Amino acid sequence: MNMRKMLFIVIPLLLILNNGVSFFIFQSGRTVQTSYNMMLERVLLYKQIEEKTRENLRAINVYIMDRSDSSLKTFQSQSDELRKLQSSLSGQKAISSTELAVRSYRHMLETFVLQEKSIIDALNSQTPLAYAAFYAEAEKTAAFIQEEAYQLIDQELSYYQPLYRKILVQTEVMNHWGVAVFILNTVLSVVLAYWISLRITRPIKELVRTAEQISDGNLQVVPPQMSSHSEFRILSEAFGQMQENLKLLIRKEKEGLEKDRLVKELELEVLQNQINPHFLFNSLNVLSKLALIEGAEQTSDLTVSMSNLLRYNLRKLDRPVPLRDEVEHAKEYFVIQQARFRERIRFVTEIEEDGLSVLVPVLTLQPLLENVFVHAIEGMEEGAIIKLAIQCKKDETWISISDNGVGMSEQARESLLHYDREDPARKDSGYGGQGHSTGLGTRNVFRRLELFYDKKDMVDILSEPGKGTTVLIRIPGAGKGDGYVSPIDRG
């Protein structure tokens with residue numbers, strides 16, 4: 001039997017047993033209470049009627065003495081209350097031993113009410129002294145009512161006395177049974193709770209022990225065997241399946257590590273056959289000095305700029321740099337491009353020195369400038385202007401790169417801004433159009449800014465076809481404090 005069925009059987013049985021005992025005890029007490037209330041109501045009613053008859057006689061005496069309206073109203077009020085008690089007595093069902101006495105008692109009460117009425121009628125008639133005979137009869141009737149009330153009370157008590165004794169005995173027996181059932185139910189509940197807890201905790205402890213051994217690296221441990229009807233059997237089988245999956249994953253991980261080791265060894269061999277970067281820098285410096293000696297100053301400057309550009313591009317992408325370094329690198333890049341475009345382009349800068357100390361990801365400005373040359377002004381014969389502006393705002397530093405080139409469509413603008421909808425592994429081609437690129441793509445720059453500052457909506461693009469383009473970057477505060485940015489690939 002599984003745990004669910006067992007709980008569905010045991011718990012309802014205990015509840016039924018408890019409720020059954022409680023019901024029998026409640027029913028017995030209710031019977032005693034009902035009988036007691038019935039007897040007590042009749043006894044109190046007899047007592048009230050006896051007292052009310054005497055109060056009515058006193059009210060009649062007061063009216064006979066002063067014949068005032070107030071005393072008449074008092075008598076009528078007392079008489080109305082007596083009639084109400086008479087109606088209550090008529091509604092009571094008498095016991096068999098007092099049925100005749102109760103009937104006689106009701107007749108005497110009716111007679112007393114009629115005698116009261118006769119007294120009042122006599123007092124209001126032309127012969128007021130005729131009331132004396134009616135008053136004497138009323139006193140006798142009241143005495144009989146009082147005497148009969150005491151006899152009825154004694155008969156009621158005598159009738160209910162053996163019944164009470166029987167009910168008390170039954171109640172005592174039920175109380176003993178209730179105590180016995182309570183003790184039995186308590187013991188049974190404790191035993192069942194202990195048994196159920198063992199059936200739950202024992203498999204859990206075995207599974208915990210197995211999990212600890214697996215976490216310590218012992219994947220050869222055998223999962224505990226559970227009963228075929230237990231819910232823990234499914235958990236044990238899942239444990240075994242998880243263990244097999246871990247073995248498979250570890251085996252695949254080992255194979256992957258082995259492949260990575262072989263690939264790295266191959267890469268090392270390839271790198272050993274490549275040109276040493278320091279040799280390349282030294283060669284460029286020699287060419288620069290030689291061009292300077294020969295009088296080719298422009299060639300010397302371009303060679304130095306190319307050396308600096310190459311050295312900067314070989315920096316690690318996971319470390320930030322001050323914005324000042326990015327600006328200098330952008331200027332070096334523009335020097336090389338100006339050698340190509342000559343007088344067709346002009347580079348304008350508006351830079352606030354206070355904003356150059358913020359940290360930005362390496363290679364942030366140069367890819368944006370490269371896209372300007374490739375897509376915005378390459379086809380312009382003259383008058384091309386590229387502007388780099390850095391402004392310090394409240395809690396922000398604004399970097400803007402503007403051009404007066406061909407601009408871009410709204411579709412291309414949206415494509416650049418919503419770079420998260422594109423394939424991140426695809427090489428970017430500039431401002432949403434076809435072209436070539438030699439560095440980090442525009443979307444790549446935007447994504448690295450977002451990761452570096454952990455903030456969305458840092459970039460905005462203002463552009464219309466034929467009216468140029470402005471890329472605005474809002475750097476928060478003084479840059480990110482941890483100085484790390486994810487090294488997204490450079491192509």
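Numbering of residues begins at 1 and proceeds along the displayed sequence. What you are looking at is a predicted structure, and each value in this text was computed from that prediction instead of being measured.
Here the side chain of D454 pairs no donor or acceptor atom with the backbone of E450 at under 3.5 angstrom. Between the side chain of R448 and the main chain of V362, a donor-acceptor pair closer than 3.5 Å is present. Judged by distance alone, with hydrogens and angles left aside, the side-chain atoms of S463 form a donor-acceptor pair with the main-chain N or O of G468 at under 3.5 Å. Panel note: side chain E352, backbone Q391; no donor-acceptor pair is recorded below 3.5 Å. Of the possible donor and acceptor atoms, none in the side chain of R344 sits under 3.5 Å from a partner among the backbone N and O of A384.
Ring pair F373/F334 is tilted by interplanar angle, where 30° to 60° counts as tilted.
Atom CE of M408 sits about 9.5 Å away from atom OG of S415, to the nearest 0.5 Å. Atoms OG1 and CE, from T210 and M242 in turn, are 9.5 Å apart once rounded to the nearest 0.5 Å. How far CD of Q337 is from CD1 of I377: 8.0 Å, rounded to the nearest 0.5 Å. In this structure, NZ on K331 lies 7.5 Å from CZ on F347, to the nearest 0.5 angstrom. Atom NE2 of H375 sits about 7.0 Å away from atom OG1 of T442, to the nearest 0.5 Å.
Using a 4.5 Å heavy-atom cutoff, the side chains of K254 and L257 are not in contact. Between K455 and P476, the closest side-chain pair of non-hydrogen atoms falls below 4.5 Å. Side-chain contact check for V321 versus L359: every heavy-atom pair is 4.5 Å or farther apart. Residues L365 and H329 fail the side-chain proximity criterion, which asks for heavy atoms closer than 4.5 Å. A 4.5 Å side-chain heavy-atom check between Y453 and I475 finds at least one atom pair inside the cut-off. V348 places none of its side-chain heavy atoms less than 4.5 Å from the side chain of L388. With a 4.5 Å cut-off on side-chain heavy atoms, I473 and D460 do not count as touching. Between V459 and L472, every side-chain heavy-atom pair lies at or beyond the 4.5 Å cut-off.
Under the rule for a side chain to side chain donor-acceptor pair (under 3.5 Å), T397 has no partner lying at least two apart in sequence or in another chain. Not counting sequence neighbours, the partners of E350 by the salt bridge (Lys or Arg N to Asp or Glu O under 4.0 Å) test are K387.
If you run side chain to side chain contact (heavy atoms under 4.5 Å, CB included) between T469 and each of V406, L462, I461, only I461 comes through.
Smallest separation of non-hydrogen atoms from L449 and M458: O-SD, 3.8 Å.
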